[in-house]
2 protein chains.
Amino acid sequence: MTTINDIAKMANVSRTTVSRALNNNGYVSEDVRKRIMKIVEETGYMPSVSAQSLRTKRSGVIGIILPKISTETSSRVVKGINEVVSKEGFQILLTDTELNPKKEVEYIRLLQSRQVDGIILLATNVNKELLNVINDVKVPFISLGQELPNVTSVVYDDYHAACDMTNLFIQRGHEKIAFIGVGEEDPAVGHTRKQAYLDTLQKNGLTVKDEWIHEGGDFSIESGYESMKQILKKSQGNLPTATFAVTDRMAVGAMEYLKEQGYNIPGDMAISGIGAAVMSAYITPSLTTIDYNNKEAGRITARLMLDKLNNKNVSEKSTLSYRLISRDSV
Amino acid sequence: MTTINDIAKMANVSRTTVSRALNNNGYVSEDVRKRIMKIVEETGYMPSVSAQSLRTKRSGVIGIILPKISTETSSRVVKGINEVVSKEGFQILLTDTELNPKKEVEYIRLLQSRQVDGIILLATNVNKELLNVINDVKVPFISLGQELPNVTSVVYDDYHAACDMTNLFIQRGHEKIAFIGVGEEDPAVGHTRKQAYLDTLQKNGLTVKDEWIHEGGDFSIESGYESMKQILKKSQGNLPTATFAVTDRMAVGAMEYLKEQGYNIPGDMAISGIGAAVMSAYITPSLTTIDYNNKEAGRITARLMLDKLNNKNVSEKSTLSYRLISRDSV
DNA sequence: TTATAATAAGGAATCGATTACACATCAATT
DNA sequence: AATTGATGTGTAATCGATTCCTTATTATAA
């Protein structure tokens, strides 16, 4: 591997001068600069980032902590982040918690020891230890998808999105609306979306039946399938006419079960999700859902991160907009 | 940030001893070791990876070059890789070429300057410059998805997979089989799969009509839609009865167009894809496809990488198995 | 002509680890 | 009692950059 010293020797200058030439920093004669650059070209020399970051405390790496690496949401967000930061010469270091809260904490520590310049967390839960660790973080930190106290947060407008969706059902004349959710450990998805559903029903004077509400174990299609099964079983004789699932995958699972049982969608049961998964447009019937524009969320988060890195001060909370996509399932 | 020197001072030993205690390397009395570990615990000290990697030439990072960051294939592969390497304490540095061959070369250089311990490339094309740069790479290098000369490659069995799929159509009595492909710059997807299709038709004495073959501009759903449109237009009066699309997304696009035009699938036209996208199971009719098990491919590649990092010698080419999933679209 | 400032380049310290080498102690072996 | 080997710890060099501090050379102003 060629080092700055090799280049210096070849150009008959000191490594100080090479460094200055490369960083456009301090005086270097045009003559020498050209000589150096030529050699750099020829050798394909690239400075060792380890050495640089040891010295400068900057690594050009943004650490991202994902709950799950291979989901549509994650990869869209990562895409958006990468799009923005790569233009500024930053790289992305990915970690995957596999939905294990302990790993969130572990990775925050780890990323710091790797000298990342900033950390973006796609949080799925909030707990005391997590907040403590985040408070100790010395680099710019942003939470995406959950609002964390005293932490710069970029959040989806879960409450209004879920209200709108519930209202859509009501507008279409539904009065018995079921709900497929996830555990409340996830404040944004598990709590806020459910609260919006409950509030909207109440505001419209509609009954909330326990049998119509089911929380899946995870965000999977199977979990949606199972939830729908449970809801139908528990509400024999008083079936809901619509179901609001908090994710598209769960909605797809629910549809799957309904189709298997010979129900007509949306005739016997209207269905909606959240997330605008690609699949939602191509299943039959196409799924009414809400587009959170995850890629744009990633971009916005990334820009905030860059601002922080440039010591601009940024607002503590940014709420993203959403778009209700009305399709054939409702 | 606490450094090894701080720990050394607090424990009243030299930093040498601290380093030895942390790395279980050389003699350290039980007494001192405990003292050091306790302080490390309390302070939450983590060694600076920049300093470590500057000194040891190892960074604990595997660089991955993806053609597109937010595709099902990419994220499944990354998941598989991460699953394996994270257990060994490695992190993943992601780069996205956005299908730009120049960026492949650029990122290979960049990753090396970042001192990555190994590089995994999800190649989509093969060109002279790429091969040259790869030849200069000084760290373990693996290509996934394309076979590159003199490079450790993990490849899908595109040829046999595509043969099997074509044969399936023939078995079901189809004689007029159309093909939706991509450009030949992509040897695995664009060339091999097409060759397998052509060979299989020929072997079975079936006519190959130019009007039945169309190459989409990219891998998108829209591109599949457009391709199907072209095929139907060009082969008026002698329509194919089956279409083999080289990716699931393209197959979905093709189905979309057929449905719009009122064709029955598979009655008027059978359809198949490759890739086992989640969506393929949930569209109507469900799509016959081939599962390449990308996650497992990622795992296998990662294990090869770990072997290389441990100086075990590995076979230059590994061909993966696949599974034909027969569903309702054929 | 001399003082001053701008330009150009090098010397050496520094970042935070690892590790070769040296040295001291102590127990076991001859 | 002398030699040997195992154990424990420290000193200092090193990795490859950046940057503060000097010094030398020109160009400009007084």
Side-chain angles (χ1 to χ4, degrees), chain A residues 1-37 39-40 43-61 89 109-117 138-139, chain B residues 1-37 39-40 43-61 89 109-117 138-139:
Chain A
M1 206 77 243
T2 44
T3 73
I4 196 172
N5 288 305
D6 301 332
I7 304 291
K9 244 171 247 159
M10 296 166 97
N12 262 313
V13 294
S14 74
R15 68 161 161 281
T16 309
T17 306
V18 176
S19 172
R20 276 195 284 250
L22 287 163
N23 297 297
N24 286 319
N25 185 334
Y27 296 112
V28 180
S29 66
E30 207 39 49
D31 204 33
V32 171
R33 158 169 278 121
K34 274 196 185 125
R35 185 148 36 104
I36 291 174
M37 287 315 191
I39 297 175
V40 168
T43 55
Y45 162 77
M46 296 201 83
S48 149
V49 177
S50 319
Q52 282 184 318
S53 83
L54 173 59
R55 184 61 231 250
T56 63
K57 308 288 166 208
R58 270 172 286 107
S59 61
V61 174
R109 291 229 178 81
L110 186 105
L111 287 173
Q112 284 183 280
S113 81
R114 287 206 172 274
Q115 232 84 274
V116 295
D117 294 339
K138 280 149 214 91
V139 296
Chain B
M1 206 79 240
T2 45
T3 73
I4 196 172
N5 287 306
D6 302 332
I7 306 292
K9 242 170 248 162
M10 295 167 97
N12 262 314
V13 294
S14 75
R15 68 161 161 279
T16 309
T17 305
V18 176
S19 173
R20 276 195 283 253
L22 286 163
N23 297 297
N24 285 319
N25 185 335
Y27 297 111
V28 180
S29 67
E30 206 39 48
D31 205 30
V32 171
R33 158 168 277 118
K34 273 196 186 125
R35 186 146 38 102
I36 292 174
M37 287 315 192
I39 296 175
V40 168
T43 55
Y45 162 77
M46 297 202 83
S48 149
V49 177
S50 318
Q52 282 183 320
S53 81
L54 174 59
R55 184 62 229 248
T56 61
K57 309 285 166 211
R58 270 172 287 104
S59 61
V61 174
R109 292 231 178 80
L110 186 105
L111 287 173
Q112 283 183 282
S113 81
R114 288 207 172 273
Q115 232 82 275
V116 295
D117 293 339
K138 279 147 214 94
V139 296

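Residue numbering restarts at 1 for every chain, and letters A, B, ... go by the order of the sequence lines. Values in this document were obtained by computation on a predicted structure and should not be read as measured data.
Between A/R114 and B/V61 there is a side-chain heavy-atom pair separated by less than 4.5 Å. Residues A/Y45 and A/L22 are in side-chain contact: their nearest non-hydrogen atoms beyond the backbone lie under 4.5 Å apart. In this structure the side chain of A/M10 reaches within 4.5 angstrom of the side chain of A/T43, judged on heavy atoms.
Residue A/S14 places at least one side-chain N or O under 4.0 Å from the OP1 or OP2 atom of C/dG10. Residue A/K57 places no side-chain N or O under 4.0 Å from the OP1 or OP2 atom of D/dT18.
Taking OG of A/S48 as the reference point, atom NZ of B/K57 lies at 6.5 Å (rounded to 0.5 Å). A distance of 10.0 Å separates CD1 of B/I36 from CG of B/D31, quoted to the nearest 0.5 Å. In this structure, the separation between CD on B/Q52 and CG on B/N23 is 7.0 Å, given to the nearest 0.5 Å. In this structure, OH in B/Y27 is found 11.0 Å from CZ in B/R20, a value given to the nearest 0.5 Å. Rounded to the nearest 0.5 Å, atoms CE (A/M1) and NZ (B/K138) are 5.0 Å apart. Atoms NZ and CG, from A/K9 and A/D6 in turn, are 6.0 Å apart once rounded to the nearest 0.5 Å.
Taking the side-chain hydrogen bond (donor to acceptor under 3.5 Å, both in side chains) definition, one finds that A/R15 meets it with A/N5, sequence neighbours left out.
Between the CG atom of A/N24 and the P atom of D/dT18 there is a distance of 12 Å, given to the nearest Å. Atoms NZ (A/K9) and C1' (C/dG10) sit 15 Å apart, rounded to a whole Å. For the pair B/I7 CD1 and C/dT18 C1', the interatomic distance rounds to 16 Å; values are reported in whole Å. Note: CD (B/Q115) to P (D/dC15) measures 13 Å, nearest angstrom. Regarding B/N5, its CG atom lies at a distance of 12 Å from the P atom of C/dT14, rounded to whole Å. Straight-line distance from the CG atom of A/D6 to the P atom of D/dA17: 8 Å, rounded to whole Å. Atom P of nucleotide C/dG16 and atom CE of B/M1 are separated by 10 Å, given to the nearest angstrom.
The local environment of CZ in B/R33 is crowded, with over 12 non-hydrogen atoms from other residues, nucleotides or ligands closer than 6.0 Å. Residue B/R58 qualifies as open at atom CZ: its count of foreign heavy atoms under 6.0 Å is 12 or below.
Annotation: the terminal axes of the helix from C/dT1-D/dA30 to C/dT30-D/dA1 meet at 50°, where each axis is the rotation carrying the C1' atoms of four end pairs onto the next four (5 pairs per end, rounded to 10°).
Heavy-atom distances under 4.0 Å link DNA chain C to B/P47, B/S48, B/A51, B/Q52, B/L54 of residues 47-54 of chain B, given in residue order. A heavy atom lying under 4.0 Å from DNA chain C marks none of the residues of residues 27-37 of chain B.
A/N12 comes within contact range of the sugar-phosphate backbone alone, with a heavy-atom separation under 4.0 Å but no base atom that close.
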Do any N or O atoms of the protein come closer than 3.5 Å to N or O atoms of nucleotides 19-24 of chain D, and which pairs are they?
| unit_1 | atom_1 | unit_2 | atom_2 | d |
| --- | --- | --- | --- | --- |
| D/dT19 | O4 | A/T16 | OG1 | 3.2 |

Could you run down the sub-3.5 Å N/O contacts of the protein with nucleotides 24-28 of chain C?
none

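No donor-acceptor distance shorter than 3.5 angstrom exists from the side chain of A/S59 to the backbone of A/S53, with no hydrogens or angles considered.
Partner A/V28 forms a side chain to side chain contact (heavy atoms under 4.5 Å, CB included) with one of A/V13, A/T17, A/T16 and no other, that one being A/T17.
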